[in-house]
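Notes for the one structure printed next.
A note on names: the letters A, B, ... follow the listed sequences, proteins ahead of strands, and every chain is numbered from 1.
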Protein chains: 2
Amino acid sequence: MCASIRRASRTLTQIYDQALRPLGLRATQFTVLQALSIAGEVLQGDLGQMLAMDSTTLTRTLEILSRHGWIDKRTGEDLRERRIRLSKAGQLQFEKAVPLWEKAQASLRRKLGEGQWNALLKFTNEITNLIKE
Amino acid sequence: MCASIRRASRTLTQIYDQALRPLGLRATQFTVLQALSIAGEVLQGDLGQMLAMDSTTLTRTLEILSRHGWIDKRTGEDLRERRIRLSKAGQLQFEKAVPLWEKAQASLRRKLGEGQWNALLKFTNEITNLIKE
DNA sequence: CGACGATAGATGCATATGCATCTATCGGGA
DNA sequence: TCCCGATAGATGCATATGCATCTATCGTCG
């Protein structure tokens, strides 16, 4: 099962990466931009929680986004915290990426069919929740 | 969708990696050993085909397995080819890993339920096949 | 106020992943 | 025979991933 999901994950990632390649954006990075676009300014920790992503992984992805100038970081009163949000450039990059992402998403959805699509979303979420128990 | 599958893949990988940690074996590596155990001696390219794994990724995973002495490599008549098979130590390592893997697998299967389990396997395989078209 | 455990991230290290490109070898035609 | 396109892997580079561990800061308790 692990092998099956990893294989599917690799395949899918290749599809989305390819769609986003014109922008030099990876699927993972798009996901982070999207989360930021929805959440506004958030603590790095909360962002990790949202994406079920290890905080150390997030640190490095944010480093990349930061290098491209797509996010702003600042500390609040608690100097340990990092508050993250999209920069102007990040907002723009995200908006440019959305159509490409939509296109890949729609094509995949068509190929899988509505039923499988929804079932798959449900099951993957269930797996993600498993680990919390 | 890509984010969902990647998230599930991360979660699942953590579960399997943790189960195999006593042996210092990663889920990916176990998958390769398993494939070799089933296939016997195979061309590196065929192995990649089997696992739907990029050949460059496979090269490095095999490098790790080789470093541990778990596989043997040799060339056939065609000097470009690499023929891979489990070594004695690799066979042993695989046999030690199977029970740990089974345990993780069974636990997960119980939590998901038979129906979801099978559906998930089916869907992930379908996604993997999508890219071939 | 000062020491101490708790918390938020960062860093070192190893592996996983794939694209672009390179090297070695093979097989077939001129 | 020699050259040339095709094929099997290997390598450089960048990112993704997570464990163990470290650092800085916070809150609290004596």
Side-chain angles (χ1 to χ4, degrees), chain A residues 2-3 5-32 42-49 51-68 70 73-84 131, chain B residues 2-3 5-32 42-49 51-68 70 73-84 131:
Chain A
C2 185
I5 292 224
R6 287 183 70 84
R7 198 165 53 227
S9 170
R10 284 197 300 271
T11 302
L12 214 48
T13 301
Q14 278 180 66
I15 293 174
Y16 281 79
D17 273 355
Q18 189 176 359
L20 295 172
R21 190 154 311 139
L23 291 174
L25 195 62
R26 298 301 230 34
T28 304
Q29 299 166 13
F30 175 81
T31 303
V32 173
V42 283
L43 293 185
Q44 182 166 327
D46 292 343
L47 186 58
Q49 202 83 44
L51 302 170
M53 199 176 280
D54 186 276
S55 81
T56 66
T57 301
L58 193 55
T59 293
R60 313 198 204 216
T61 300
L62 291 178
E63 155 68 22
I64 293 167
L65 299 181
S66 185
R67 195 194 314 145
H68 284 90
W70 294 330
K73 274 181 161 183
R74 63 183 190 88
T75 56
E77 293 179 25
D78 187 333
L79 294 179
R80 293 169 301 178
E81 293 176 351
R82 301 285 180 275
R83 294 176 175 280
I84 318 286
I131 210 173
Chain B
C2 186
I5 293 224
R6 287 183 70 84
R7 199 165 50 226
S9 170
R10 285 198 301 271
T11 302
L12 214 49
T13 301
Q14 279 181 66
I15 292 174
Y16 280 80
D17 273 355
Q18 189 175 359
L20 295 172
R21 190 155 310 140
L23 290 175
L25 194 63
R26 299 300 224 50
T28 305
Q29 299 166 13
F30 175 82
T31 303
V32 173
V42 283
L43 294 185
Q44 182 168 325
D46 293 343
L47 186 58
Q49 203 85 43
L51 301 170
M53 199 176 279
D54 186 276
S55 80
T56 66
T57 302
L58 192 55
T59 293
R60 309 191 208 221
T61 300
L62 290 178
E63 155 69 21
I64 293 168
L65 299 182
S66 184
R67 195 194 314 145
H68 284 91
W70 294 331
K73 275 181 162 183
R74 64 186 190 86
T75 56
E77 293 178 24
D78 188 332
L79 295 178
R80 292 170 303 179
E81 293 177 351
R82 302 285 181 276
R83 294 176 177 279
I84 317 285
I131 212 172

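Between A:Arg82 and A:Leu79 the shortest heavy-atom distance is NH1-O, 3.4 Å.
A 4.5 Å side-chain heavy-atom check between A:Trp70 and A:Gln29 finds at least one atom pair inside the cut-off. Between A:Gln14 and A:Gln18 the shortest side-chain heavy-atom distance does not fall below 4.5 Å.
Panel note: side chain B:Thr13, backbone B:Ser9; a donor-acceptor pair is recorded below 3.5 Å. No donor-acceptor pair closer than 3.5 Å links the side chain of A:Asp17 to the backbone N or O of A:Arg26.
Atom P of nucleotide C:dT15 and atom CG of B:Asp17 are separated by 12 Å, given to the nearest angstrom. Atom CE of B:Met53 is separated from atom C1' of C:dC19 by 17 Å (rounded to the nearest Å). Between the C1' atom of C:dA16 and the CD atom of A:Gln14 lies a distance of 13 Å, rounded to the nearest Å. What separates CG of A:Leu65 from P of D:dA14 is a distance of 17 Å, to the nearest Å. Distance, A:Phe30 CZ to D:dA16 P: 14 Å, rounded to whole Å. Look at CD1 on B:Ile15: it is 14 Å from C1' on D:dG18, rounded to the nearest Å. Atom CG of A:Leu20 is separated from atom C1' of D:dA14 by 16 Å (rounded to the nearest Å). Look at CD1 on A:Ile64: it is 8 Å from C1' on D:dA16, rounded to the nearest Å.
Note that CD of B:Gln44 is 5.5 Å distant from NZ of B:Lys73, once rounded to the nearest 0.5 Å. Note that CE of A:Met53 is 7.5 Å distant from CZ of B:Arg6, once rounded to the nearest 0.5 Å.
Contact annotation: A:Gln18 does not reach the phosphate of C:dC19 (side-chain N/O to OP1 or OP2, under 4.0 Å). Between D:dA16 and A:Thr57, no contact under 4.0 Å exists linking OP1 or OP2 to a side-chain N or O. The side chain of B:Arg67 contributes an N or O atom lying less than 4.0 Å from OP1 or OP2 of C:dT15.
Residue B:Leu58 is classed as having no contact, given no heavy-atom separation below 4.0 Å to the nucleic acid.
Residues B:Arg21 and A:Gln29 each lie close to DNA chain D; by heavy-atom proximity, the contact nearer the 5' end of the strand is made by A:Gln29.
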Quiz item: Could you write nucleotides 7-13 of chain C as a row of B, S and -, 5' to 3', where a protein heavy atom under 4.0 Å of any base atom gives B, of only sugar-phosphate atoms gives S, and otherwise -?
Solution: BSSBBBB
